[in-house]
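Single-structure report; data block below.
Below, each value reflects all heavy atoms present in this structure, side chains not excepted, and no hydrogens, waters or symmetry copies. Ligands are counted one by one from 1 in listed order, and the atoms in each one are counted from 1 as well. Being a predicted model, the structure only gives us computed values, none of them experimental.
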Amino acid sequence: VRTTAPATENKQGKTRLPPGVVLDENGKPCKVCNSWQTWAKVTKKPRTSTRPPASSTTPIGSSIGAAVAAVTGTTETTTNETGEPKRPDDCPPDVNTLGRATWTFLHTTAAYYPPTATPAQQSSMRALIHAVGEFYPCTWCAKDFRDRIAEHAPDVSGRAGLSTWMCERHNEVNKRLGKEVFDCARVMERWKDGPAD
Ligand code: FAD
């Protein structure tokens, strides 16, 4: 199954999709599997603004403004301190926003899980983890998560085991994406206790 779009051309020689765009299981571009910057390349026509631009926006018609408008349906564009376009807060989630929010939920839930879980709690947690693998909107991320769960059964025995298990699964994604591996000894500091003063 092809997961990213090739630089395909139609009969008129026009490129249909930019290369590197992640497709869904049906071969269609998948919004929530891509970063918003990539999605902006897929969406061609900027839509009409539904609200007036704020004073911090760049002029309508700039290439950045057009790209953001294509994604957000607005012509509002803000930039960060280095002048890079900033994703508006009310955009539908892209792969990164959804990922960060989901990891926040999963790690925090693990950090507040009972130190020793009852059989009923273990069963609920197992179901929650499997549901993430089934319903996570980025379908390829979900498939990968299901594969990881099949390889490493969730440790739902209690807080420490679950937090470490979650950290290890996240690190597998980090490695695949070329990101830094997180020190799992620090999960409670990161997701519950905060740094020691
Ligand atoms: P994130 O990776 O989202 O991490 C958020 C914060 O968690 C970090 O700032 C750090 O403080 C902390 N952290 C980092 N690693 C760990 C760890 N191991 N344990 C505890 N805390 C940690 N994206 C893709 O492009 N392709 C995929 O296949 C893919 N699969 C995913 C599968 C799942 C189940 C989820 C939830 C997300 C997936 N993502 C995937 C999204 C990806 O993991 C990131 O969320 C996204 O790239 C944004 O990364 P980030 O650098 O902002 O930080």
Side-chain angles (χ1 to χ4, degrees), residues 1-6 17-42 71 78 80-82 84-89 91-113 115 124-196:
V1 182
R2 190 188 292 283
T3 58
T4 57
L17 277 175
V21 173
V22 179
L23 307 178
D24 66 17
E25 287 162 318
N26 302 314
K28 300 245 168 74
C30 169
K31 188 183 210 170
V32 79
C33 307
N34 285 282
S35 69
W36 69 273
Q37 291 93 337
T38 300
W39 193 253
K41 293 182 205 154
V42 176
V71 174
T78 54
N80 64 19
E81 48 295 335
T82 58
E84 296 291 311
K86 182 176 168 289
R87 181 180 170 282
D89 289 340
C91 252
D94 70 352
V95 69
N96 296 319
T97 310
L98 179 68
R100 276 192 288 273
T102 305
W103 286 125
T104 297
F105 168 68
L106 291 174
H107 290 302
T108 309
T109 302
Y112 284 85
Y113 191 58
S124 297
M125 182 51 70
R126 216 175 275 116
L128 173 65
I129 291 168
H130 283 276
V132 171
E134 184 175 356
F135 295 112
Y136 195 69
C138 163
T139 50
W140 302 112
C141 307
K143 159 118 185 44
D144 180 70
F145 195 59
R146 288 198 297 275
D147 292 345
R148 303 289 169 189
I149 296 170
E151 219 173 289
H152 306 276
D155 180 349
V156 292
S157 58
R159 180 179 299 172
L162 183 62
S163 294
T164 301
W165 182 88
M166 203 64 83
C167 180
E168 289 168 350
R169 301 295 74 74
H170 191 166
N171 271 338
E172 287 167 352
V173 180
N174 288 343
K175 281 187 208 158
R176 201 153 43 79
L177 299 178
K179 297 188 184 198
E180 227 172 273
V181 168
F182 188 89
D183 175 6
C184 290
R186 291 187 47 236
V187 275
M188 297 315 290
E189 175 193 322
R190 171 66 179 88
W191 296 105
K192 187 168 181 288
D193 301 330

*asked:* I need the T108 OG1 to K192 NZ distance, nearest 0.5 Å.
replied: 11.0 Å
*Could you go through the side-chain contact (heavy atoms from CB on, under 4.5 Å) check for T164 and D155 one step at a time?*
CA-CA 8 Å; T164 301; D155 180 349; over 6 Å; no
*asked:* Only heavy atoms of C167, strictly under 4.0 Å: list the atoms of ligand 1 that pass.
replied: 17 (C), 18 (N), 19 (N)
*ligand 1 versus V181, non-hydrogen atoms closer than 4.0 Å: side chain, backbone, both, neither?*
neither
_Please classify the E168 to ligand 1 contact at 4.0 Å (heavy-atom distances, strictly less than): side chain, backbone, both or neither._
neither
*asked:* If I apply the N/O under 3.5 Å rule, does V173 come out as touching ligand 1?
replied: no
*asked:* Side chain, backbone, both or neither: which applies to D144 and ligand 1 if a contact is any heavy-atom pair less than 4.0 Å apart?
replied: neither
*Side chain or backbone of R169 under 4.0 Å from ligand 1, or both, or neither, by non-hydrogen atoms?*
neither
*Partner of Y136 under side chain to side chain contact (heavy atoms under 4.5 Å, CB included), chosen from V32, D144, L98*: L98
*Atom NZ in K143, atom CD in E134: separation rounded to 0.5 Å?*
14.0 Å
*Atoms of ligand 1 less than 4.0 Å from T102 heavy atoms?*
36 (C)
*Thinking salt bridges, do E172 and R169 make one under a 4.0 Å N-O criterion?*
yes
In residues 179-190, what donor-acceptor pairs under 3.5 Å come from side-chain atoms, sequence neighbours left out?
| unit_1 | atom_1 | unit_2 | atom_2 | d |
| --- | --- | --- | --- | --- |
| D183 | OD1 | A185 | N | 3.0 |

*List in chain and number order the residues that pass side-chain contact (heavy atoms from CB on, under 4.5 Å) with H107, two or more places apart in sequence or in another chain; answer none if no residue qualifies.*
W103, M166, H170, W191
*What residue and atom, counting heavy atoms only, is the protein's closest point to atom 26 (N) of ligand 1, and at what distance?*
L177 CD2, 3.7 Å
*Should you measure from each heavy atom of F145, which atoms of ligand 1 turn up under 4.0 Å away?*
34 (C)
*Which option, G133, A111, C141, S35, owns the non-hydrogen atom nearest atom 29 (C) of ligand 1?*
C141
*For ligand 1, which atoms sit closer than 4.0 Å to a heavy atom of H107?*
19 (N), 20 (C), 21 (N)
*Taking both backbone and side-chain atoms of W140, is any N or O found less than 3.5 Å from an N or O belonging to ligand 1?*
no
*asked:* Distance check, rounded to the nearest 0.5 Å: F145 atom CZ versus L106 atom CG?
replied: 6.0 Å
*Heteroatom distance test (Y136, ligand 1): nitrogen or oxygen, under 3.5 angstrom*: no
*For atom 10 (C) of ligand 1, find the nearest protein heavy atom and state the residue, atom name and distance (0.1 Å precision).*
R190 NE, 3.9 Å
*ligand 1 atoms in contact with R176 (distance to a heavy atom under 4.0 Å)*: 27 (C), 28 (O)
_Spacing of R126 atom CZ and L128 atom CG [to the nearest 0.5 Å]_ = 12.0 Å
*So is M166 close enough to ligand 1, meaning a heavy atom under 4.0 angstrom away?*
no
